[in-house]
Amino acid sequence: MVRTPLTPEERERGERLGLLLRSARGERSMVEIAAAAGLSAETLRKIETGRAPTPAFFTVAALAGVLDLSMDELVVLCTPAPAPNPAPVPAAHPAPAQAPAPV
């Protein structure tokens, strides 16, 4: 199975998730949190460092539960701000004006 490359937005979302989880973990050990969530410490390390930017839903849900984070909060905090819409580009050649119909 060939995995499609991640978009820059997906990578940024993964980095944000990792930073948020690391911050929520605080002084607690990675091993403690990973075990409580049913994960390996290596999996948590990969998520926190952004090397696993798209973890499975149930992995994120388990970590959110252990770290007392709401899934709604995670979505809001991890979603990159939308890029501003570019100004519309004027048409290169405007359509010619129609001549009035003869009376």
Side-chain angles (χ1 to χ4, degrees):
M1 180 171 126
V2 176
R3 185 174 179 153
T4 58
L6 298 175
T7 65
E9 292 81 17
E10 289 170 324
R11 288 189 185 282
E12 183 179 349
R13 186 174 53 231
E15 289 171 6
R16 287 173 180 240
L17 174 64
L19 289 172
L20 180 63
L21 294 175
R22 173 65 190 99
S23 175
R25 183 165 60 85
E27 296 298 317
R28 294 177 283 181
S29 78
M30 191 175 286
V31 173
E32 173 191 346
I33 298 302
L39 310 171
S40 70
E42 182 59 25
T43 297
L44 180 54
R45 181 177 293 111
K46 286 179 181 178
I47 294 168
E48 284 187 359
T49 60
R51 289 184 303 161
T54 57
F57 172 81
F58 290 105
T59 299
V60 176
L63 287 167
V66 169
L67 296 169
D68 199 29
L69 298 169
S70 78
M71 293 297 283
D72 289 335
E73 181 181 24
L74 286 176
V75 168
V76 170
L77 294 174
C78 293
T79 302
N85 290 335
V89 178
H93 301 289
Q98 295 273 337
V103 186

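Below, each value reflects all heavy atoms present in this structure, side chains not excepted, and no hydrogens, waters or symmetry copies. These numbers come from a predicted model, not from an experiment.
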Hydrophobic cluster identity match, Leu21 and Phe58, side-chain contacts under 4.5 Å: yes
Any side-chain heavy-atom pair of Pro55 and Leu17 under 4.5 Å: yes
Closest non-hydrogen atom pair between Ala37 and Leu63, with its separation: CB-CD2, 3.8 Å
Verdict with supporting geometry, Val60 and Met71, side chain to side chain contact (heavy atoms under 4.5 Å, CB included): CA-CA 8 Å; Val60 176; Met71 293 297 283; 4.1 Å; yes
Transitive ILVMFWY side-chain link Leu77 to Val66, under 4.5 Å: yes
Side chain proximity check, Glu32 to Arg25, heavy atoms < 4.5 angstrom: no
Note: Glu48-Arg45 ion pair, threshold 4.0 Å (strictly below): no
With Arg13, the side-chain contact (heavy atoms from CB on, under 4.5 Å) member among Arg11, Glu10, Arg16: Glu10
Spatial distance of atom CD (Glu15) from atom CD1 (Ile47) [nearest 0.5 Å]: 14.0 Å
Check: Leu67 and Arg28 side chains under 4.5 Å, non-hydrogen atoms: yes
Connected via hydrophobic side-chain network under 4.5 Å: Leu19 and Met30: no
Cluster link Ile33 to Phe57, ILVMFWY, side chain under 4.5 Å: yes
